[in-house]
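I have placed the structure first, in the form of structure tokens, so that the comments after it can refer back to it.
The basis for the numbers below is simple: all heavy atoms, side chains too, and nothing from hydrogens, waters or symmetry mates. Every chain is numbered from 1 and lettered A, B, ... according to where its sequence line falls, protein lines coming before strand lines.
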Amino acid sequence: MSRPWTVVYMGTPRCAADTIERLMEGPDPVVGVVTRPDRPAGRGQKTIPSPVRLVAEAHKIPVITPEKIRSDEFLGHLSAWAPDLIVVVAFGRILPRSVLDLAPQGCMNVHYSLLPRYRGAAPMTWALVNGDETSGVTTMRLVEQMDAGPILLQEEVPIAPEETSASLEAKLSPIGAQLLLQTIRGLKEGSIKDIPQRKEEATYAAMLKKEDGEIDWTQPARVIERLVRAFSPWPSAYTHWRKQLLKVYRASVMNEKSQVPPGEVVRADDQGLWVNTGDGVLNLQEVQLENRKRLPSSEFVRGARIEKGARF
RNA sequence: CGCGGGGUGGAGCAGUCCGGUAGCUCGCAAGGCUCAUAACCUUGAGGUCGGUGGUUCAAAUCCACCCCCCGCAA
């Protein structure tokens, strides 16, 4: 096999952290890491380092957290590291031409969808919202246009019936890491060739907005159930009850119809919280009222004194 | 100093404003009923009301500080 490639890694969240750990088990040394600056997070604006930063520091790899991607300072750092290859996983920033062209082997990206479908920030979530039966992971070369570069390798992964964004991410993350190693190996061997994306088949997975999680009770039960799964655990599907936010973490479609208006409680007992929708009854199985703990709905019902006829 | 809500038998909650017998829906135990049951009836056990200090004849309740949990925001 040919000589190792030095790699600079860019990424931020949990799945990117898992991936760099796997990458470091491979033959190619990670010589530098770029991640988002520590941000105030959680209550009391405590500053939290990104998951990728924690991993990098634990392995004593140099880390930079540039505020500006388009700066000479940033380019200077990258050049000093002189990477053969730049790997980008869920970094959350668009890279300029100058960065894309910096490494001899270019920039490679791991994306959690079967491109060209679901280009963009939240591919797994939107695949679940749409009720897709499969998702997947793609490695590709980065180009200036977001997620539009040539595909290197791709692996399809089935979506389980009760899949949530959290479970799908946990599933795709190691597969992506594996695919990344495989891609690098293949590129060295010359066994992989670029496959241009069919841009006419491209779809876009927009960044999630909180309001996207608001439940429209006139929708079919199965559509709402998918929304609940897709937005679990973040940003979560929600509705309102007595002027308070009620998050819904788990729901299941009941084989039952009701004549009451959509959003009305059909039944509330130790079997859960049954609510009518546009086309049938949905059982909210796990909920969380504002300021309270996340609970099985049977327990929520006990304390909240919510009854048949209540409206969301 | 980002904003806000909460901690009450094993679970989920009410009671706190206006201090005075520890309450609700469940769970648990025993007994009853029943062909039978996760159903129903009766009875019972189980609590230093997050902690410490203060005010008071008297504190779950009022005051001060501390610990823990959560929603918003990011």
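Put simply, CD on E290(A) is 15 Å from P on C70(B), counting in whole angstrom units. As a whole-Å value, the separation of L295(A) CG from C70(B) P is 13 Å. Whole-Å rounding puts the R292(A) CZ to C70(B) C1' distance at 9 Å.
Remark: G303(A), R305(A) in residues 303-312 of chain A come within less than 4.0 Å of RNA chain B through at least one heavy atom.
In this structure, the side-chain contact (heavy atoms from CB on, under 4.5 Å) partners of D216(A), at least two apart in sequence or on a different chain, are T218(A), Q219(A). I48(A) is linked by a side-chain contact (heavy atoms from CB on, under 4.5 Å) to A41(A), counting only residues two or more places apart in sequence or in another chain.
Within the 4.0 Å cut-off from OP1 or OP2 of A73(B), at least one side-chain nitrogen or oxygen of K210(A) is found. A sub-4.0 Å separation between OP1 or OP2 of G6(B) and a side-chain N or O of K293(A) is absent. Considering only side-chain N and O atoms, Q288(A) lies under 4.0 angstrom from the phosphate OP1 or OP2 of G71(B).
A 3.5 Å limit on both hydrogen-bonding distances identifies A64(B) as the Watson-Crick or G-U partner of U52(B). Applying the Watson-Crick and G-U wobble criteria (two distances, each under 3.5 Å), G47(B) pairs with nothing in any strand.
Screening residues 292-304 of chain A for salt bridge (charged side-chain N to carboxylate O under 4.0 Å, His left out) gives E286(A)-R294(A) as the qualifying pairs, with residues at least two apart or on separate chains. Under the salt bridge (charged side-chain N to carboxylate O under 4.0 Å, His left out) criterion, the residue pairs touching residues 192-202 of chain A are R141(A)-D194(A), R198(A)-E201(A), with sequence neighbours excluded.
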Cut-off 3.5 Å, no hydrogens considered: what does the side-chain donor-acceptor table look like for residues 72-94 of chain A, sequence neighbours left out?
{"from": "S79(A)", "atom 1": "OG", "to": "L75(A)", "atom 2": "O", "distance (Å)": "2.8"}
{"from": "D84(A)", "atom 1": "OD1", "to": "R3(A)", "atom 2": "NH2", "distance (Å)": "3.3"}
{"from": "D84(A)", "atom 1": "OD2", "to": "R3(A)", "atom 2": "NH1", "distance (Å)": "3.2"}
{"from": "D84(A)", "atom 1": "OD2", "to": "T6(A)", "atom 2": "N", "distance (Å)": "2.8"}
{"from": "D84(A)", "atom 1": "OD2", "to": "T6(A)", "atom 2": "OG1", "distance (Å)": "3.2"}
{"from": "R93(A)", "atom 1": "NH2", "to": "E67(A)", "atom 2": "O", "distance (Å)": "2.8"}

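No side-chain donor from either of S297(A) and Q285(A) sits under 3.5 Å from a side-chain acceptor of the other.
Taking atom C1' in both A22(B) and U61(B), one finds a spacing of 13 Å when rounded to whole Å.
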